[in-house]
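For reference, the structure is listed below as structure tokens.
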Number of protein chains: 2
Amino acid sequence: MSASKKLSTAVKALYFLAETDPEPQNSITIANGIGSNASKLRQILSMLVKNNIIKSTYGTNGGFLIAKNINEIHLQEVYCAVEDRKAFYLDVSEVNGTGMEDAKKMNGLFLNLFSDIQVEIENKMRKIYLNNIIEQIKLTN
Amino acid sequence: MSASKKLSTAVKALYFLAETDPEPQNSITIANGIGSNASKLRQILSMLVKNNIIKSTYGTNGGFLIAKNINEIHLQEVYCAVEDRKAFYLDVSEVNGTGMEDAKKMNGLFLNLFSDIQVEIENKMRKIYLNNIIEQIKLTN
DNA sequence: GGGATTAGTTACACTATGTGTAACAGATTT
DNA sequence: AAATCTGTTACACATAGTGTAACTAATCCC
């Protein structure tokens with residue numbers, strides 16, 4: 001499995017917006033700043049807008065603005081905003097046919113196990129705030 | 001990300017071998033028993049052989065045999081045997097170009113974070129033994 | 001109001017990864 | 001030698017993610 005690039009792109013964009021706050025930044029400027037693609041970035045940022053993590057304004061001198069304090073944005077909410085499906089998803093597709101009842105039950109066990117893991121991952125993300133990430137970046141300067 | 005189907009197939013095969021122990025079972029029999037494909041199954045089982053989780057014998061009446069006690073096989077070693085790369089892998093591909101030093105550092109942070117998560121997942125798997133899985137299946141009969 | 005600017009959305013080709021399947025090579029038994 | 005079985009390779013197919021472009025919708029400015 002691979003947690004998608006979308007999460008890291010989203011966090012980089014948030015970092016960029018935090019650094020340039022309170023000036024609105026358009027998608028092209030952000031994309032140049034973080035080494036991404038403006039069109040793809042708009043797709044990602046629109047999800048952050050829907051989740052009230054950032055705000056957007058149309059028209060000349062419009063762009064994106066961070067909507068919360070950096071110590072109020074944690075990784076889990078960014079993750080949930082950006083990933084429409086569970087990133088840590090176990091493929092335990094249905095067993096077809098008869099006479100494999102035990103194999104079917106095993107699928108259920110795996111689903112339970114991996115939903116536990118999913119919860120743990122999200123709990124861990126919930127403890128990491130944007131300002132923690134920014135601090136760590138600055139520490140390594 | 002998606003933890004591959006290979007893990008659940010491997011566990012189902014191990015369960016099948018545990019139930020039929022000590023009779024060697026060939027790939028066709030196991031595949032029929034767990035609803036899989038004999039060829040794909042051989043690919044998976046050959047990895048378990050290399051990791052000494054099961055044994056294989058060639059020739060007539062040959063097949064696969066479980067090589068350890070079911071309370072000595074935990075999920076993490078099956079997972080490691082079967083997945084050549086980390087299943088919970090975050091795509092934080094390199095940032096190209098200059099002037100995006102912070103974005104590059106962020107990739108490093110993400111890699112650290114997700115390697116932490118990887119470790120946690122594997123620790124969790126290390127506590128789950130084949131006999132635990134079998135017990136749970138029988139409990140729901 | 002009209003043009004410029006920008007977000008938001010849709011579409012699509014390209015890439016990467018995994019899966020299912022078949023074919024063949026290697027090892028062992030009878 | 002023939003039959004049986006594992007081990008490996010190859011390849012078509014499906015799926016998901018990525019990069020990119022084009023279009024629509026909203027807003028600003030003159």
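Residue numbering restarts at 1 for every chain, and letters A, B, ... go by the order of the sequence lines.
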Phosphate OP1/OP2 of C:dT9: any A:Ser46 side-chain N/O under 4.0 Å: yes

Touch class at under 4.0 angstrom, heavy-atom based, for A:Asn37 against every strand present: base

Exercise: identify the closest heavy-atom pair between A:Leu41 and A:Ala13: CD1-CB, 4.2 Å

Whole angstrom value for the distance that separates C1' of D:dA2 from CG of B:Asn61: 15 Å

Pairwise 5' ranking along DNA chain D for A:Gly59 and B:Val49, keeping only the more 5' one: B:Val49

Interatomic distance, A:Lys6 NZ vs D:dT18 P [rounded to whole Å]: 7 Å

Lys/Arg-Asp/Glu bridge criterion (N-O < 4.0 Å) met for B:Glu19, B:Lys138: yes

Side-chain N or O of A:Ser39 closer than 4.0 Å to phosphate OP1/OP2 of D:dA22: no

Residue B:Gln43, side-chain atoms from C-beta onward, closest of D:dT9, D:dG7, D:dT27: D:dT9

Phosphate OP1/OP2 of D:dC5: any B:Thr57 side-chain N/O under 4.0 Å: no

Rounded distance (Å) that lies between atom C1' of C:dT21 and atom CZ of B:Arg42: 11 Å

Value in whole Å for how far the P atom of D:dG19 lies from CD1 of A:Ile28: 17 Å

Separation of D:dT6 P from B:Ile53 CD1 (nearest whole Å): 18 Å

Distance below 4.0 Å between A:Ser27 side-chain N/O and C:dA7 OP1 or OP2: yes

A:Asn61 CG: over 12 foreign heavy atoms closer than 6.0 Å: no

Gap between atoms CZ and C1', on B:Phe64 and D:dT4 respectively (whole Å): 13 Å

Gap between atoms CG and P, on A:Leu45 and C:dG8 respectively (whole Å): 8 Å

Nucleotide D:dC5, atom P - distance to OH of B:Tyr58 in whole Å: 14 Å

Heavy atoms of other groups near A:Asn71 CG, more than 12 under 6.0 Å: yes

D:dG19 phosphate, OP1 or OP2, under 4.0 Å from A:Lys5 side-chain N/O: yes

Most 5' of A:Lys50 and A:Thr60 on DNA chain C, judged by nearest nucleotide: A:Thr60

Residue A:Lys40, side-chain atoms from C-beta onward, closest of C:dT21, D:dG19, D:dA25: D:dG19

Separation of B:Leu14 CG from B:Leu130 CG (nearest 0.5 Å): 5.5 Å

